[in-house]
K.L.:
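If you scroll down you'll find the structure; I have some questions about it.
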Amino acid sequence: MTTTPAAATPTDAELLTALREALADILDPSDLANVDLDGLDRDTPLLSLPLDSITLVAAMSRIENTFRVFIPEQKAFAFTHVGDLADFVRERVAAKAARADK
């Protein structure tokens, strides 16, 4: 698992890699067989992924641990595209870095 320092704002590539790794670890093999991990990008609708509430929370937990941010559960369920998640994580990391710089 890749860990990004708290002060570094993650790139889309880093966020996508973390999400791909989380999905590869969390999803059942039969569900994973239906996911094009390489085709995952900012525009991928989260509802197109075989995520139920348990696997979504598990994936968000992995993202939280990787980038050292908190994603409220209600927010996690509100993301519609992978890019929404990426933008949220980036905003949280930047805000955390700004607080640390004070």
K.L.:
Donor-acceptor pair, distance only, cut-off 3.5 Å: does the side chain of K96 make one with the backbone of E91?
P.N.:
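Such a contact is absent between K96 side chain and E91 backbone.
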
K.L.:
With a cut-off of 3.5 Å and sequence neighbours excluded, list every side-chain donor-acceptor pair involving residues 24-34.
P.N.:
residue	atom	partner	partner atom	Å
D25	OD2	R62	NH1	2.8
D25	OD2	R62	NH2	3.0
N34	ND2	S30	O	3.2

K.L.:
With a 4.5 Å cut-off on side-chain heavy atoms, are P72 and F77 touching?
P.N.:
no

K.L.:
Please check if the side chain of T17 supplies one atom and the backbone of A13 the other of a donor-acceptor pair under 3.5 Å.
P.N.:
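Checking the backbone N and O of A13 against the side chain of T17, a donor-acceptor pair under 3.5 Å is found.
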
K.L.:
Quick one: closest heavy-atom pair of R20 and D38, and the distance?
P.N.:
NH2-O, 3.7 Å

K.L.:
If you compare all heavy atoms of V93 against all heavy atoms of F67, which two are closest, and at what distance to 0.1 Å?
P.N.:
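Taking V93 first and F67 second, the nearest heavy atoms are CG2-O, 3.9 Å.
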
K.L.:
Below 4.0 angstrom, N of the basic side chain to O of the carboxylate: do D87 and R42 qualify?
P.N.:
yes

K.L.:
Does V89 reach the side chain of I71, with side-chain heavy atoms less than 4.5 Å apart?
P.N.:
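When only atoms from C-beta onward are counted, I71 and V89 do touch, with a gap below 4.5 Å.
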
K.L.:
Using a 3.5 Å distance criterion without hydrogens, assess whether the side chain of E14 forms a donor-acceptor pair with backbone atoms of T11.
P.N.:
yes

K.L.:
Roughly how far apart are L23 CG and T55 OG1, rounded to 0.5 Å?
P.N.:
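Between atom CG of L23 and atom OG1 of T55 there are 8.5 Å.
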
K.L.:
Nearest 0.5 Å please: distance from the CG atom of D41 over to the NE2 atom of H81.
P.N.:
9.5 Å

K.L.:
Let me confirm one number: the CD-CG distance from E21 to L16, rounded to the nearest 0.5 Å.
P.N.:
11.5 Å

K.L.:
State, to 0.1 Å, how close L15 and P10 come at their nearest heavy-atom pair, and which atoms those are.
P.N.:
CG-CB, 4.0 Å

K.L.:
Quick one: pull up CE in M60 and CZ in F88 and give me the separation to the nearest 0.5 Å.
P.N.:
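Answer for the CE-CZ pair, M60 versus F88, is 10.5 Å.
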
K.L.:
Could you tell me if the side chain of L47 sits less than 4.5 Å from the side chain of T80, heavy atoms only?
P.N.:
no

K.L.:
With rounding to the nearest 0.5 Å, note down the distance linking CG in L49 to CG in L56.
P.N.:
9.5 Å

K.L.:
Using every non-hydrogen atom in the two residues, find where R92 and V69 come nearest and quote the distance to one decimal.
P.N.:
CB-CG1, 3.7 Å

